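The structure displayed is predicted, hence computed values, not measured ones. Values below: all heavy atoms of this structure, side chains included; hydrogens, waters and symmetry mates excluded.
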Protein chains: 2
Amino acid sequence: MPGSPDVHRLTRDDRRQRSEAAILAAARQQFADAGFERTTIRGVASAAGVDPALVMQHFGSKEALFAAATRMPDEPVWGPGTSAADVPRLAIEEVLDRFEDEEGRDTALALARNCLTHPSATTAVRDDVMCDRISTMAGVIGGDDAELRAAVLNACLMGVTIARYLLELPPLASASREDVTRLLEPALAALVTAPDAD
Amino acid sequence: MPGSPDVHRLTRDDRRQRSEAAILAAARQQFADAGFERTTIRGVASAAGVDPALVMQHFGSKEALFAAATRMPDEPVWGPGTSAADVPRLAIEEVLDRFEDEEGRDTALALARNCLTHPSATTAVRDDVMCDRISTMAGVIGGDDAELRAAVLNACLMGVTIARYLLELPPLASASREDVTRLLEPALAALVTAPDAD
DNA sequence: CCTCATGGTCAACGGCTGTTGAGTCACACG
DNA sequence: CGTGTGACTCAACAGCCGTTGACCATGAGG
């Protein structure tokens with residue numbers, strides 16, 4: 001299934017890496033579309049044009065394949081000059097970039113699709129993505145309830161992401177990126193500006 | 001497994017309804033905890049103290065059992081005197097009520113847990129819950145982008161719900177209901193008040 | 001050119017699942 | 001007191017899944 005027709009002119013290592021990449025791409029797509037339980041090793045292998053046993057030889061188990069397919073690259077860290085007022089816009093841009101990037105999009109979708117039903121995806125989203133984002137964000141916005149405010153902000157962002165890219169809720173899925181940002185930014189801004197007194 | 005020890009003193013119809021209720025309760029709990037794919041008919045039957053075949057006789061299929069276990073009661077409709085300013089608080093209260101009500105809580109959790117991976121749960125959440133809420137809410141808040149604003153509002157609310165009750169994100173899961181409402185309400189308020197001009 | 005390591009395939013196993021049809025037992029009814 | 005209806009159980013089937021071990025072919029190394 002790999003593109004180049006003269007596959008035989010490739011070194012063994014290249015062939016191996018090509019197979020692995022094809023399997024990984026097919027796995028990401030199916031994990032993202034159908035979820036962990038409904039994607040089968042046989043289905044992934046068939047989409048990648050290889051034998052099911054090869055998938056096992058490369059990744060060891062379906063669990064390990066899922067872990068490899070959903071490993072997220074580190075996010076860019078915010079510069080030291082970031083102020084609380086910048087947080088909403090930056091957070092929105094980061095998330096939309098993640099889910100609209102042609103390459104790497106399926107990784108995020110595969111992780112998100114399974115975050116409610118697959119134990120290791122739940123842990124990855126809760127501990128590796130959300131908690132990290134929340135603690136660094138809380139450090140920037142400061143004030144009382146900083147952690148809780150950051151948590152609510154990220155939860156809202158996650159909800160919009162899920163509705164737009166996973167549920168495909170009509171008004172949100174078809175809205176332009178600019179409209180989403182324009183409406184969401186003031187709402188999240190209300191979360192970072194502490195009201196001091198009631 | 002039903003409580004009363006003198007089960008033999010019950011009419012046949014009562015026994016039947018008791019079995020059905022026990023199966024439904026066990027199914028809701030397992031669908032909510034483990035998701036559709038990881039719950040088995042055998043497991044539900046065992047938790048309900050009945051034979052697996054009885055589950056089939058009552059509900060016909062696993063799919064039908066899931067549909068019966070996740071059927072949500074209608075939401076209370078908003079009175080005609082509801083103003084846009086009331087929308088955020090009302091929406092928050094409704095959702096928190098749904099997920100904290102002792103009885104009926106598992107129904108909402110079972111539906112939410114599977115809304116990303118089970119086709120009919122996806123449809124139910126998107127079309128039967130979210131779309132209805134959005135259109136009635138859009139009618140109340142009015143203005144430009146009313147539908148989109150309502151969609152973003154409900155998406156945020158859904159995100160907080162997922163983070164709090166499903167992911168159990170530490171700062172949100174352990175926060176008090178009052179704190180969540182206090183922080184979330186102004187953020188959602190920013191979504192219903194149109195900024196008229198840019 | 002010979003040889004071995006290695007990427008890749010094939011066929012099969014064991015286990016678990018949803019589902020079914022025959023059979024059992026107690027209760028309601030005439 | 002028969003008798004049949006309906007709730008309930010038992011055992012089994014068929015299919016799909018992840019996983020494995022034996023096997024093949026081909027390219028690298030001497």
Side-chain angles (χ1 to χ4, degrees), chain A residues 1-2 4-27 30-31 33-69 114 117-120, chain B residues 1-2 4-27 30-31 34-69 114 117-121:
Chain A
M1 194 64 58
S4 161
D6 51 355
V7 189
H8 306 280
R9 295 309 179 96
L10 294 171
T11 165
R12 270 226 279 248
D13 252 20
D14 282 346
R15 278 185 60 101
R16 180 186 170 85
Q17 289 186 6
R18 219 168 250 242
S19 293
E20 196 163 310
I23 293 170
L24 225 35
Q30 300 203 13
F31 283 142
D33 288 351
F36 180 84
E37 308 285 348
R38 290 178 198 269
T39 83
T40 67
I41 299 274
R42 285 169 172 84
V44 169
S46 162
V50 300
D51 191 90
L54 188 62
V55 178
M56 301 302 296
Q57 188 171 337
H58 276 252
F59 295 95
S61 72
K62 190 185 178 186
E63 281 290 334
L65 173 63
F66 181 72
N114 296 283
T117 38
H118 191 283
S120 92
Chain B
M1 197 61 60
S4 161
D6 50 355
V7 190
H8 305 283
R9 294 308 178 96
L10 294 171
T11 165
R12 271 225 277 249
D13 252 19
D14 282 346
R15 278 187 60 103
R16 181 186 169 83
Q17 289 185 7
R18 219 170 249 242
S19 292
E20 196 162 309
I23 293 170
L24 224 36
Q30 301 203 12
F31 284 142
F36 180 84
E37 309 284 349
R38 290 178 198 269
T39 82
T40 67
I41 299 273
R42 284 170 172 83
V44 169
S46 161
V50 300
D51 190 90
L54 188 62
V55 178
M56 300 302 295
Q57 188 172 336
H58 277 252
F59 295 95
S61 72
K62 190 186 178 185
E63 281 290 333
L65 173 64
F66 180 72
N114 297 283
T117 38
H118 191 283
S120 91

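- Listed candidates were dT20(D), dC8(D), dG8(C). Nearest to the side chain of Leu54(A) is dG8(C).
- Side-chain N/O atoms of Ser19(B) include none lying less than 4.0 angstrom from OP1 or OP2 on dA7(D).
- Closest to the Arg12(B) side chain, of the nucleotides dT9(C), dA7(D), dT19(D), is dA7(D).
- Distance, Arg16(A) CZ to dA5(C) C1': 13 Å, rounded to whole Å.
- The distance from atom CD1 of Ile23(B) to atom P of dA7(D) is 12 Å, rounded to the nearest whole Å.
- For Thr40(A) and dC16(D), the shortest distance from a side-chain N or O to OP1 or OP2 is not below 4.0 Å.
- Listed pair His58(B) / dA7(D) fails the phosphate criterion, with no side-chain N or O lying under 4.0 Å from OP1 or OP2.
- The side chain of Gln57(A) lies closest to dG7(C) when the candidates are dT19(D), dG7(C), dG18(C).
- In this structure, the nucleotide among dT19(C), dT9(C), dA28(C) sitting nearest to the side chain of Thr11(B) is dA28(C).
- At whole-Å resolution of the value, CD in Gln17(A) and P in dG8(C) are 11 Å apart.
- Side chain Arg42(B) to base dG18(C): a donor-acceptor pair is found below 3.5 Å.
- For the residue pair His118(A) and Glu37(B), no side-chain donor N or O sits within less than 3.5 Å of a side-chain acceptor on the partner.
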